[in-house]
Student: 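Supplied in structure tokens, the structure appears directly below.
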Amino acid sequence: MKEEIIIAGFGGQGVLSMGKILAYSGIMQDQEVTWMPSYGPEMRGGTANVTVILSDKPISSPILNKFDTAVILNQQSMDKFEGAVKPGGLLIYDPNGITRFPERKDITICSIAAAEESALLGNAKAFNMIVLGAYLKMKPIVSMENVIKGLKKSIPERHHHLIPMNEKAIEIGMEKVQVL
Amino acid sequence: MAEKILMKGNEAIARAAIHCGCDGYFGYPITPQSEVMETLMEEMPWETTGMVVLQAESETSSINMLYGGASCGKRVMTSSSSPGISLMCEGISYLAGAELPCLVVNVVRGGPGLGTIQPGQGDYFQMVKGGGHGDYKCIVLAPASAQDMYDFVSKAFDLAFKYRTPAIILSDGVIGQMMEKVEMSEQKPRWTDEEIKKNSPWACTGKTNDRKQNIITSLALDAAVHEKLNERLQAKYKKMEEEDVLFDSYMTEDAEHLLVAYGSMSRICQSVVETARENGIKLGLLRPITLFPFANKEIDRLVPQLKSIMSVELSAGQMVEDVRLVVNGRIPVNFYGRLGGIVPSPEEVYEAFVKSIK
């Protein structure tokens with residue numbers, strides 16, 4: 001198994017931490033992983049993206065220009081990465097703030113209203129976990145058990161009381177994702 | 001087996017420094033390596049192993065703190081990125097001249113000048129050929145993963161002390177910023193004062209009546225004395241070339257064409273080799289791990305079976321000169337590189353390779 005993912009959005013949406021949780025979940029099931037962020041001026045406000053690879057075999061290039069899955073959380077990233085999904089691949093996006101919707105016919109396209117759902121939940125920070133849930137529903141490459149283990153590893157212990165809330169957010173994402 | 005932790009290459013450098021019993025880190029922040037000192041500050045090793053972590057007022061200052069620490073036989077290190085390393089080059093020359101072991105980590109970004117904070121490999125000449133003045137060389141190790149970043153710290157210290165010379169870890173923004181899983185070693189204690197005296201009898205540890213004073217200097221006004229020092233340095237560099245060349249080969253046994261790449265580019269080139277093999281082209285990869293001493297003998301051994309070599313770098317063509325020196329015109333040596341912080345995809349490199357052999 002090898003899954004190559006790009007997660008792209010605004011700085012502050014939790015793009016990098018979502019990638020980190022996914023990568024840690026992969027380690028929990030004994031896979032090889034790489035997590036390669038864009039660390040440029042993007043980090044200082046603006047677009048942020050991270051490439052995550054999970055694989056049963058050692059990973060050669062951590063830098064890619066084609067992906068199995070693109071998780072797209074703003075218009076700039078849609079413009080940049082819609083074309084970077086491999087034919088037959090998956091594109092998940094949050095329609096919030098999207099002005100030009102994806103047009104590819106050769107890939108699976110899904111939407112998750114994560115901004116809206118996290119507002120309903122009264123917790124804007126649940127946003128990225130809702131998106132993660134949507135992704136895992138479409139591609140159950142890691143088990144929920146390993147995601148929770150990954151969460152425990154990637155967030156400081158003082159925040160571990162938030163894990164049930166994160167778990168709930170993942171479940172909401174799994175439930176609300178729509179295949180278009 | 002030890003637990004595997006997800007961490008950035010920069011973080012791995014910091015943790016490895018603590019675990020291998022480093023005595024002191026002196027640095028100044030610069031992207032893309034700031035996580036080295038950040039991690040050390042979070043870990044607070046001064047409360048556990050007694051390792052000193054100090055933010056100096058500048059890079060010039062940190063490298064001279066290394067000179068002081070190394071003179072006393074301590075295992076000391078610094079890290080920086082390209083512009084900061086330029087500031088340190090005078091100090092590195094003095095350390096090499098005074099035969100002092102230490103570790104300098106360069107997480108390279110694009111240059112010249114202030115350049116960009118994105119990855120680069122344009123510091124090859126600076127690190128491998130000297131950088132500072134005079135006839136000196138440093139041992140240069142080029143990691144290609146977060147695990148390498150971890151493992152090479154201890155290895156670099158060992159080599160630095162074996163030869164009494166500065167060792168360099170030449171990394172780049174990709175390897176520094178990328179997270180991968182890392183398996184860590186057990187904590188080793190720092191050397192005691194007795195161990196320092198035993199391991200480094202040349203160090204300034206306080207003169208006792210049973211020995212002459214130790215003098216640490218790179219200055220010799222007597223030309224005959226100074227030539228002797230230079231000859232000793234050159235003999236060391238020759239010994240390194242005989243004993244401590246490291247490289248990795250990927251599908252080179254039956255290769256008709258060869259890519260040569262180090263650090264992050266070697267990872268990308270591994271994917272290129274996979275694509276070429278799928279398309280029936282017998283391509284292999286040589287990844288130099290030590291850039292000095294360089295894998296001259298291995299390249300020389302491979303030349304008779306090869307039709308061409310391509311050096312792939314995030315530079316305008318630096319390591320390719322060393323490859324050409326070995327090949328000496330026997331087969332074509334091509335080059336592909338990107339500049340300014342752009343990292344090419346495997347597809348882009350593959351296309352360039354295919355074009356180069358047509």
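Model, not experiment: these values are computed from the prediction. Naming convention: chains lettered A, B, ... in sequence-line order (proteins, then strands); numbering from 1 in each chain. When reading the values below, keep in mind they use all heavy atoms of this one structure, side chains included, and skip hydrogens, waters and symmetry mates.
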Student: So does A:K125 have more than 12 non-hydrogen atoms from other groups sitting under 6.0 Å from NZ?
Tutor: no
Student: Flag yes if more than 12 heavy atoms outside A:E157 fall under 6.0 Å of its CD atom; otherwise flag no.
Tutor: no
Student: Taking side chain as C-beta onward, heavy atoms only, is B:L6 less than 4.5 Å from A:K20?
Tutor: yes
Student: Compare all side-chain heavy atoms of A:S61 with those of B:Q270 and state whether any distance is below 4.5 angstrom.
Tutor: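 No, their side chains stay 4.5 Å or more apart.
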Student: Quick check on A:Q178: does its CD atom have over 12 non-hydrogen neighbours (other residues, nucleotides or ligands) under 6.0 Å away?
Tutor: no
Student: Tell me which of these, A:A23, A:S154, A:P37, A:G26, has more heavy-atom pairs under 4.5 Å with chain B than the rest.
Tutor: A:P37
Student: Using a 6.0 Å cut-off, check whether atom NZ of A:K139 has over 12 heavy atoms from anything other than its own residue.
Tutor: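 For A:K139, atom NZ is crowded (more than 12 foreign heavy atoms under 6.0 Å).
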Student: Which of the residues B:E348, B:M265, B:R267 is involved in the greatest number of heavy-atom pairs with chain A at under 4.5 angstrom?
Tutor: B:R267
Student: Taking all non-hydrogen atoms of both residues, which atom of B:V174 and which atom of A:P62 are closest, and how far apart?
Tutor: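 Closest pair (atom of B:V174, atom of A:P62, distance): CG1-CG, 4.3 Å.
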Student: Give the minimum heavy-atom separation between B:P346 and A:I63, together with the two atoms involved.
Tutor: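 B:P346 and A:I63 have their closest heavy atoms at CD-O, 3.3 Å.
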Student: What part of B:P119 gets closer than 4.5 Å to chain A, counting heavy atoms only: side chain, backbone, both or neither?
Tutor: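 Looking at B:P119, backbone and side chain both touch chain A.
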Student: Name the option with the most non-hydrogen atom pairs under 4.5 Å to chain A; the candidates are B:E347, B:M178, B:E274, B:M179.
Tutor: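 Winner by heavy-atom pair count: B:M179.
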Student: Please identify, among A:V33, A:L64, A:V50, the residue contributing the most non-hydrogen atom pairs under 4.5 Å to chain B.
Tutor: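 The option with the most such pairs is A:V33.
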Student: Measuring from B:Q118:CD to A:S38:OG, what's the distance to the nearest 0.5 Å?
Tutor: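 One gets 8.0 Å once the value is rounded to the nearest 0.5 Å.
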Student: Around atom CG of A:D30, are there more than 12 heavy atoms of other residues, nucleotides or ligands at under 6.0 Å?
Tutor: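 No - once you tally the heavy atoms of other residues, nucleotides and ligands closer than 6.0 Å, there are 12 at most.
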Student: Taking atom OH of B:Y28 as the centre, report whether more than 12 heavy atoms of other residues, nucleotides or ligands fall under 6.0 Å from it.
Tutor: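 Atom OH in B:Y28 is not packed in, count stays at 12 or less.
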Student: How close do A:W35 and B:K8 get, counting heavy atoms only, and between which atoms?
Tutor: CZ3-CE, 3.8 Å
Student: Non-hydrogen atoms of chain B under 4.5 Å away: do they reach the side chain of A:I27, the backbone, both or neither?
Tutor: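 It is the side chain, since no backbone atom gets that close.
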Student: Inspect the surroundings of CD in A:Q76 and state if more than 12 heavy atoms from other residues, nucleotides or ligands are less than 6.0 Å away.
Tutor: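 Atom CD in A:Q76 is crowded, with more than 12 foreign heavy atoms closer than 6.0 Å.
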Student: Inspect the surroundings of CD in A:E145 and state if more than 12 heavy atoms from other residues, nucleotides or ligands are less than 6.0 Å away.
Tutor: no
Student: Taking side chain as C-beta onward, heavy atoms only, is A:Y24 less than 4.5 Å from B:K181?
Tutor: no
Student: Do B:E180 and A:I59 have side-chain heavy atoms sitting under 4.5 Å apart?
Tutor: no
Student: Could you tell me which portion of B:V272 (side chain, backbone, both or neither) has an atom closer than 4.5 angstrom to a non-hydrogen atom of chain A?
Tutor: neither
